[in-house]
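For reference, the structure is listed below as structure tokens.
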Amino acid sequence: QVQLVESGGGLVQAGGSLRLSCAASGVILSINTMNWYRQAPGKQRELVANITSGGSTNYGESVKGRFTISRDKSKNTVYLQMNSLKPEDTAVYYCNARIVGVHFKVLDAWGQGTLVTVSS
């Protein structure tokens with residue numbers, strides 16, 4: 001069974017930084033693109049950033065220049081470094097990845113979410 005487990009959320013003041021981590025575990029043959037999404041209260045889930053297996057990155061407009069996504073393929077882990085945080089970054093952040101597991105079955109895996117709260 002494949003699992004994604006996020007960590008690193010918390011409360012931070014505006015202008016501060018946080019680093020989120022998401023580790024995949026289980027029987028994993030390969031991981032394609034890894035994504036960070038977020039969902040603020042009363043809003044739809046939105047893509048924050050993603051990174052391909054080759055290392056190409058993509059960012060949502062609202063976080064460009066402030067957030068950096070990276071991954072450690074040897075650890076099946078993706079990171080999200082968040083700098084210059086704003087109150088509007090407050091949300092539950094979710095990790096998502098398309099994982100090839102046992103018997104080459106492709107799984108669309110989601111983490112449980114980690115709450116980031118930015119105070120003004």
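In terms of the salt bridge (Lys or Arg N to Asp or Glu O under 4.0 Å) criterion, residue partners of E46 (sequence neighbours excluded) are, by chain and number, R38. Qualifying side-chain contact (heavy atoms from CB on, under 4.5 Å) partners for A49, counting only residues two or more places apart in sequence or in other chains: Y59, I69, L80. Under the side chain to side chain donor-acceptor pair (under 3.5 Å) criterion, S56 pairs with no residue at all, not counting sequence neighbours. In this structure K64 satisfies the salt bridge (Lys or Arg N to Asp or Glu O under 4.0 Å) test together with E61, sequence neighbours excluded. With sequence neighbours excluded, the residues satisfying side-chain contact (heavy atoms from CB on, under 4.5 Å) with S70 are Y79. Every residue was checked against the side chain to side chain donor-acceptor pair (under 3.5 Å) condition with N76, not counting sequence neighbours, and none meets it. Remark: R45 pairs with no residue by the salt bridge (Lys or Arg N to Asp or Glu O under 4.0 Å) rule, at least two apart or across chains. Qualifying side chain to side chain donor-acceptor pair (under 3.5 Å) partners for R98, counting only residues two or more places apart in sequence or in other chains: none.
Shortest non-hydrogen contact noted between V118 and T90 is N-OG1, 2.9 Å. Of all heavy-atom pairs spanning A97 and L4, the tightest one is N-CD1, 3.8 Å.
Looking at heavy atoms from C-beta onward, I28 lies in side-chain contact with V2 at the 4.5 angstrom threshold. Residues M34 and T52 form no side-chain contact, since every pair of their non-hydrogen atoms from C-beta on lies 4.5 Å or further apart. No side-chain heavy atom of K86 sits less than 4.5 Å from a side-chain heavy atom of S120. Looking at heavy atoms from C-beta onward, D89 lies in side-chain contact with F67 at the 4.5 angstrom threshold.
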T57 and N50: side chain to side chain contact (heavy atoms under 4.5 Å, CB included), yes or no, with the steps? CA-CA 6 Å; T57 59; N50 58 31; 6.0 Å; no
The test is side chain to side chain contact (heavy atoms under 4.5 Å, CB included); show your working for T68 and M82 and say whether it passes. CA-CA 7 Å; T68 302; M82 305 186 294; over 6 Å; no
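The list of salt bridge (charged side-chain N to carboxylate O under 4.0 Å, His left out) pairs with a residue in residues 23-33, not counting sequence neighbours, is empty.
To the nearest 0.5 Å, the span separating OG on S62 from CD on E88 amounts to 8.5 Å. Residue Q39 holds its CD atom at 12.0 Å from OH of Y93, rounded to the nearest 0.5 Å. Between the CZ atom of R66 and the CD atom of Q81 there is a distance of 12.0 Å, given to the nearest 0.5 Å.
Using a 4.5 Å cut-off between side-chain heavy atoms of Ile, Leu, Val, Met, Phe, Trp and Tyr, with links allowed through other members, F104 and V106 fall into the same hydrophobic cluster.
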Show which side-chain atoms of residues 10-27 pair as donor or acceptor with protein atoms under 3.5 Å away, not counting sequence neighbours.
residue : atom : partner : partner atom : Å
S17     : OG   : N83     : OD1          : 2.9

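Membership of the apolar cluster around Y37 extends to L47, V92, Y94, W110, L115, as traced through chained side-chain contacts below 4.5 Å between ILVMFWY residues.
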